[in-house]
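These notes concern the structure reproduced below.
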Amino acid sequence: MEYKGFQGPGRGRDDVDQLAGRALVARLDFGKLDKPLELKVALSSVDEDNAIANLDTERGNFDAVRAKTRAAWEQALGAIEIEVPAATKTMVSTALYHALMAPSVFSDADGRYRGPDDQVHKAEGFTFHSTFSLWDTFRAEHPLLLLVQPERRNADFVQSLLASQKESPFGILPIWQFHGRETWTMIGYHAVPVIADAYLKGVRGFDANAALDAMVKSASYGPYGGLDHYMKLGYVPIDKEPEAASKTVEYAYDDWTIARMARALGKDDVAAAFEKRSANWRNSFDAKTGFLRARKADGSFRVPFDPTAINYGSDYTEGNAWQYSWFVPHDQAAMFALLGGDQAAVKKLDAMFDFDNSKIDYSHAEDIAGLIGQYIHGNEPSHHVAYLYNFAGQPWRTQERLKQIVESQYKTGPEGLSGNDDLGQMSSWLVFTSLGFYPVAPGSNQYVLGRPFVNRAALSLPDGKRFVVLADGLSDANRYVGKVTLNGKPLARSYITHDELTAGGELHFTMQANPNKSWATSRAARPFSTSMGR
């Protein structure tokens with residue numbers, strides 16, 4: 001990921017002088033030691049006294065603190081129990097560990113922290129968290145945390161985002177927040193789907209109406225990322241704002257999640273306005289070429305057009321037309337219709353994965369890693385794409401692609417990830433996919449079924465409930481799903497709901513060597529799309 005340039009009126013990146021120290025040396029002499037030296041370190045964003053106070057709250061020697069920390073990690077990692085061969089267990093368990101590392105606690109022991117306005121604030125009734133890599137983590141990281149972390153911590157995430165909005169000099173939710181400060185990295189206003197998904201999945205402990213107001217303010221702040229043009233034209237014009245094609249579709253998805261939350265709160269006027277905005281992705285989709293493209297303010301598409309071109313600051317964000325043309329999580333069915341129907345969509349998906357890159361040099365694009373044709377697993381815009389065959393009624397093709405991705409992109413050694421983990425998003429993709437499902441559209445309360453990569457997994461849920469995933473006959477040869485049952489009853493659709501999962505029960509896959517081309521093919525069996533009315 002990289003810094004994306006919004007600075008706000010008259011501001012630099014941070015409005016605070018950055019001090020860089022070079023060639024600094026410290027020498028500490030302790031004399032002869034007759035036992036191991038223990039060094040205690042504490043941090044505070046407030047002041048030195050608070051750092052010392054933080055240190056005093058963590059009493060005990062190194063061994064005692066290590067034992068306490070180990071117990072806490074064992075409890076957190078125990079949220080998912082898995083049975084699978086050793087190599088896969090190492091990958092999935094490590095992925096879960098990565099996913100739990102952020103967002104991190106940023107407030108001190110007394111609840112104080114330094115906010116985005118560089119002032120000291122105190123969290124009342126919650127623990128302030130920071131380090132929100134929202135462009136990455138809204139996709140799978142936060143949906144995973146909603147399943148494996150206590151509800152209180154997820155409510156703290158939302159409270160932290162809302163507190164940051166109140167303290168922001170611009171009055172908007174964080175874009176990419178690090179240690180309480182806005183970095184303006186990446187695009188979109190993706191705190192919005194994080195909040196909406198949490199609320200729609202039952203997380204409480206925050207003022208939902210205030211949250212909706214904060215979401216609307218963030219989506220209406222004209223100076224940010226071409227939003228003034230987006231609200232006027234229905235798309236972001238490339239001659240006014242860089243990476244306009246990507247911004248248009250990401251804004252449209254975020255708008256849909258605002259509409260979903262507004263509808264749930266009975267704010268029908270807000271819901272209607274943002275439902276209309278959520279269709280803006282159509283304004284940058286070129287049916288003639290079958291690609292999402294950047295348009296100019298006069299309505300014309302920018303030329304020349306090369307769907308494989310990746311240049312930072314151009315039409316797309318860390319990607320090209322091949323990856324971004326699939327970003328309509330809330331209405332894949334409508335996008336498939338513009339492509340010419342299900343078969344045309346499947347043909348284009350196959351063309352993406354099978355594309356010959358031998359004559360293309362992407363060495364200038366550091367985030368472009370893990371290529372399978374024009375599918376780029378090392379960066380987030382591709383992460384939902386393998387699951388899209390389900391939306392065309394061909395889930396066996398999703399199962400094929402998932403095996404291709406897992407086998408080529410994840411390993412047990414230092415090269416175990418194909419790209420930057422991006423605060424847990426790459427890892428969260430693997431955790432979900434290993435369990436056999438993935439949240440293609442956070443805010444829909446659905447998980448799209450793929451195929452499991454574990455023999456058995458058990459998710460520990462509130463109130464002592466457990467959701468168990470079983471995969472009979474799982475092997476390298478048996479890569480396809482033959483049939484699925486949910487709590488012992490045949491499941492004819494290629495998704496499960498959040499309520500079904502959190503109720504506890506058993507999702508049972510029977511694996512086989514050949515694809516089952518009759519399972520979950522009907523339109524009624526397909527996952528959520530807005531235009532399908534469900």
Side-chain angles (χ1 to χ4, degrees), residues 1-4 95 98-99 101-103 131-145 174-178 183-194 197 225 243 245-254 257 281 292 310 312 314-330 332 349 352-353 362 365-388 401-402 405-406 408-410 416-433 438-443 447-448 450:
M1 65 184 59
E2 64 176 19
Y3 168 66
K4 292 298 172 188
H98 288 164
M101 294 180 73
T131 313
F132 287 96
S133 181
L134 295 163
W135 182 81
D136 310 286
T137 58
F138 82 86
R139 305 165 197 266
E141 160 81 356
H142 278 283
L144 179 62
L145 295 178
I175 304 300
W176 205 119
Q177 188 188 76
F178 178 70
T183 69
W184 302 112
T185 303
M186 307 312 294
I187 66 171
Y189 31 97
H190 295 311
V192 162
V194 169
D197 196 41
E243 301 176 11
S246 296
K247 290 174 180 177
T248 296
V249 292
E250 292 198 19
Y251 294 167
Y253 164 72
D254 290 346
T257 65
W281 64 271
L292 177 77
I310 296 176
Y312 289 129
S314 62
D315 298 3
Y316 307 94
T317 301
E318 293 187 0
N320 62 28
W322 273 105
Q323 295 95 52
Y324 261 100
S325 293
W326 302 107
F327 192 80
V328 192
H330 56 297
Q332 297 292 167
L349 284 166
M352 179 186 193
F353 282 98
Y362 286 140
E366 63 183 20
D367 287 293
I368 306 307
L371 274 75
I372 304 175
Q374 283 293 310
Y375 175 89
I376 301 176
H377 193 71
N379 212 16
E380 281 67 26
S382 289
H383 276 190
H384 68 299
V385 174
Y387 286 89
L388 298 188
R401 296 302 183 187
L402 291 177
I405 294 167
V406 171
S408 63
Q409 305 300 314
Y410 294 92
L417 292 173
S418 60
N420 187 334
D421 196 42
D422 287 327
L423 271 70
Q425 170 57 29
M426 287 282 292
S427 291
S428 297
W429 186 96
L430 180 63
V431 174
F432 269 122
T433 295
Y438 186 80
V440 167
Y447 305 94
V448 179

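Each residue takes its place number in the sequence, starting with 1.
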- ring-ring contact (aromatic ring centres under 6.0 Å, His included) partners of Tyr387, counting only residues at least two apart: Tyr438
Side chains of [X] and [Y]: does their closest heavy-atom pair fall under 4.5 Å?
X      : Y      : answer
His384 : Phe327 : yes
Ile372 : Gln409 : yes
Glu318 : Met186 : yes
Phe353 : Val385 : yes
Ile376 : Trp322 : no
Leu145 : Pro103 : yes
Thr185 : Phe178 : no

Residues which pass side chain to side chain contact (heavy atoms under 4.5 Å, CB included) with [X], listed by chain and number, not counting sequence neighbours:
X      : value
Ala365 : Ile310, Tyr312, Ile368
Ala99  : Glu141, Leu144, Ser428
Ser427 : Ala95, His98, Leu417, Asp421
Asp197 : Pro143, Leu146, Lys201, Pro442, Asn445

Distance-minimising heavy-atom pair for [X] and [Y]:
X      : Y      : answer
Gln425 : Thr137 : OE1-CA, 4.1 Å
Tyr375 : Ser382 : CE1-O, 3.1 Å
Tyr324 : Thr317 : CE1-O, 3.2 Å
Glu243 : Tyr316 : CG-O, 3.4 Å
His142 : Leu134 : NE2-CD2, 4.2 Å
Ala441 : Pro329 : CB-O, 3.3 Å

- Message: Show, in sequence, the C-alpha distance, side-chain angles and deciding distance for Asn379 and Asp422, and conclude whether the side chain to side chain contact (heavy atoms under 4.5 Å, CB included) test is met.
- Response: CA-CA 9 Å; Asn379 212 16; Asp422 287 327; 4.2 Å; yes
Distance (rounded to the nearest 0.5 Å) between [X] [atom1] and [Y] [atom2]:
X      : Y      : atom1 : atom2 : answer
Asn320 : Ser246 : CG    : OG    : 9.5 Å
Gln374 : Ser325 : CD    : OG    : 11.0 Å
Thr248 : Asp315 : OG1   : CG    : 10.5 Å
Lys247 : Asp254 : NZ    : CG    : 13.0 Å

- Parallel, tilted or perpendicular: which describes the rings of His377 and Trp429, with under 30° parallel and over 60° perpendicular? perpendicular
- Query: Under the criterion ring-ring contact (aromatic ring centres under 6.0 Å, His included), which of Phe138, Phe132, Tyr253 is the partner of His190?
  - Reply: Phe138
- Please name all residues satisfying salt bridge (Lys or Arg N to Asp or Glu O under 4.0 Å) with Arg401, sequence neighbours left out, ordered by chain then number. Asp350, Asp354
- Query: After noting the C-alpha distance and the side-chain angles of Leu423 and Trp176, does the key distance pass the side chain to side chain contact (heavy atoms under 4.5 Å, CB included) rule?
  - Reply: CA-CA 11 Å; Leu423 271 70; Trp176 205 119; 4.3 Å; yes
